[in-house]
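Some notes on the structure that comes next.
Quick note on labels: first sequence line is chain A, next is B, and so on, each numbered from 1.
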Protein chains: 2
Amino acid sequence: MNQLTQRQYQALKTKKKILKSALELFSKNGFNNVTIDEIAKNSGTSKGAFYVHFDSKYGVFLEKFKEIDQFYEEFTKSLPSNISFNEKILRLFEGQMIYLQESLGKDLMRTVYMSGLIENEHNFFVNMERTLYKIIEGYIQEGIEQNELSSNLQIRRTSLLISRCMRGTLYDWLLFGEDYDLVQESDQFIRIFLNGLKK
Amino acid sequence: MNQLTQRQYQALKTKKKILKSALELFSKNGFNNVTIDEIAKNSGTSKGAFYVHFDSKYGVFLEKFKEIDQFYEEFTKSLPSNISFNEKILRLFEGQMIYLQESLGKDLMRTVYMSGLIENEHNFFVNMERTLYKIIEGYIQEGIEQNELSSNLQIRRTSLLISRCMRGTLYDWLLFGEDYDLVQESDQFIRIFLNGLKK
DNA sequence: GAATTTCACAGACTACGGTCACTGACTATA
DNA sequence: TATAGTCAGTGACCGTAGTCTGTGAAATTC
C-alpha cells in the first residue's frame with residue numbers, strides 16, 4: 001500500500017511546512033537563536049505538531065542530512081577507479097571536508113556533533129555514517145585485492161578507524177575554530193594514518 | 001596583598017560549599033539528574049550564589065578538572081625515563097583512558113566534550129589540554145634527541161595531531177557506547193598513528 | 001567614625017525545551 | 001452508513017537554566 005491517505009498526506013504537508021520554516025529561520029538567525037516556539041509560529045502550526053514530526057531541534061537535520069548521503073553517492077561515482085587506495089581515501093577526505101565546510105557550514109556541523117553526544121537522541125549520527133562506511137570498506141576491499149593493503153586487515157575495523165580520523169579532525173575544527181584550516185589539517189592527519197596502515 | 005578580607009574569605013567558603021554539594025550530588029545521581037536549584041538548596045545557599053561562583057553546571061568542572069592536571073603530573077613522574085618515545089605515548093594513552101573511564105566516568109566526559117562544542121563557553125577544554133600538550137611536546141623533543149623521530153618534525157603540530165588521536169577515540173567512545181572497549185580502541189588507533197609518524 | 005560604595009548573596013522572574021491530556025477529523029469495520 | 005477507533009494537531013502546563021533587581025553587611029573614603 002503506497003498510496004497516501006488524506007491524513008498521511010496532510011501530515012506530510014505539515015512536516016514539510018515545519019521543516020521549511022525551521023531551515024529558513026536557522027539560516028536567517030543561526031541555529032542557536034531560533035526557538036521551537038518560533039518555528040511553530042512561523043510555520044503556522046504548533047509546538048505539539050513540531051514534536052510529532054521531530055525529536056528535537058537537532059532532529060530537523062535528519063532531513064537536511066539526506067544531502068550528505070547524496071554527496072557521498074555522487075562523490076564515489078565521480079572518482080576514477082584506476083587510482084590507488086591511498087589516493088581514493090585522500091580524495092574522499094578532501095572532498096568531504098570541502099563539502100562540509102562550504103555547503104553545510106560550521107554551525108550546522110556543530111549541531112551534528114552535539115547531537116551525537118546526546119544520549120538516546122536517536123543516533124542518526126551513527127546511522128548517517130553507514131554510507132560512509134560502505135564506501136570506505138569498498139575501497140579497503142579493493143586495496144587488498146590490488147595488494148596495496150595487507151590481506152589480514154580487518155575490513156570493518158579498519159574502516160571504523162579511518163572514519164575516526166574524520167571525526168577527530170572535524171571535532172578539532174569545531175573546538176579550535178579560527179586559524180584551523182580544515183582541509184589542510186585533514187590531509188596531514190590522514191596521510192600519517194594511511195602511512196601507518198601499510199605494512 | 002595576599003591576605004583575604006573577611007568578605008573574600010566568606011565568599012571562598014561559600015564557593016567550596018557549593019562545589020562540595022555539587023560533586024556529591026553528581027556522584028550520587030549522575031550529572032544530568034542534578035539541577036542547579038538542588039545544588040543551591042543542598043549547599044544551603046542560593047541560585048544567585050551559584051552563578052556568582054560558576055558559569056554553569058559545566059563550570060563546576062573547571063574545578064574538578066584540576067584533578068586531570070594532577071593525573072598528568074603524577075603520570076609523567078611515574079614514567080620511567082629510559083623507555084622509547086613510542087612506549088611513552090602508548091603508556092600515556094593507556095593510562096589516560098583508564099583514568100578517564102574509571103575515575104571520571106562517561107557522563108562526565110560527555111559533558112566535557114559537549115562543552116567543547118558550545119561557542120563562547122569559556123573554553124577550558126582547550127586550556128585543559130595545555131598540560132597534555134606540554135607533556136607530549138616533551139616526549140617528542142626527547143624522541144628527536146634520541147633519534148627515534150625525524151628531526152624535521154614540527155613539535156607543536158605533531159603534539160596537536162597526537163592529542164587529536166585521543167579526542168577522536170574519546171568522541172567515538174561517547175558516540176558508540178556499549179561494546180566499545182576504550183582502552184583497546186585507543187591502543188589500536190595510536191599504534192597505527194605512531195607507525196605512520198616514523199620515517 | 002560617619003558617609004559612601006562595593007559586592008556576595010537571595011530568590012522572584014523570564015525564557016525555553018519538552019510533555020500531556022484533549023480534540024475532532026479521518027479511517028476502518030460491520 | 002453508523003459506530004468505534006486512530007492519530008495529527010493543539011496549546012496549557014511543567015521543569016529547569018539562567019537573569020535581574022534588591023538588600024545588608026563589609027570595605028573604603030573622607
Would you say that L174(B) contacts L170(B) through its side chain, given a criterion of any heavy-atom pair below 4.5 Å between the two side chains? no
If you define the side chain from C-beta out and look only at heavy atoms, does anything of L92(A) sit under 4.5 Å from M166(A)? yes
Are any non-hydrogen side-chain atoms of K47(A) and D37(A) less than 4.5 angstrom apart? yes
Rounded distance in Å - CG (L12(A)) to C1' (dG9(D)): 15 Å
Protein-proximity profile, nucleotides 22-30 of chain D, B/S/- by nucleotide at the 4.0 Å heavy-atom cutoff, equals ---BBS---
Got a sec? Which of residues 33-53 of chain B come in under 4.0 Å of DNA chain D, heavy atoms? V34(B), T35(B), I36(B), K47(B), Y51(B)
Check the pair Y180(B), L175(B) against side-chain contact (heavy atoms from CB on, under 4.5 Å), reporting the backbone distance first and the verdict last. CA-CA 9 Å; Y180(B) 184 97; L175(B) 191 60; over 6 Å; no
Test item: side-chain donor near acceptor, Q8(B) and T5(B), under 3.5 Å: yes
Would you name the heavy atoms of I89(B) and Y139(B) that are closest together and state the gap between them? CD1-CD1, 4.0 Å
Under 3.5 Å: donor-acceptor pair, side chain of S43(A), backbone of I18(A): no
Would you kindly say whether N152(A) and S150(A) are connected by a side-chain donor-acceptor distance under 3.5 Å? yes
Reckon T14(A) has a side-chain N or O less than 4.0 Å from the OP1 or OP2 of dG9(D)? yes
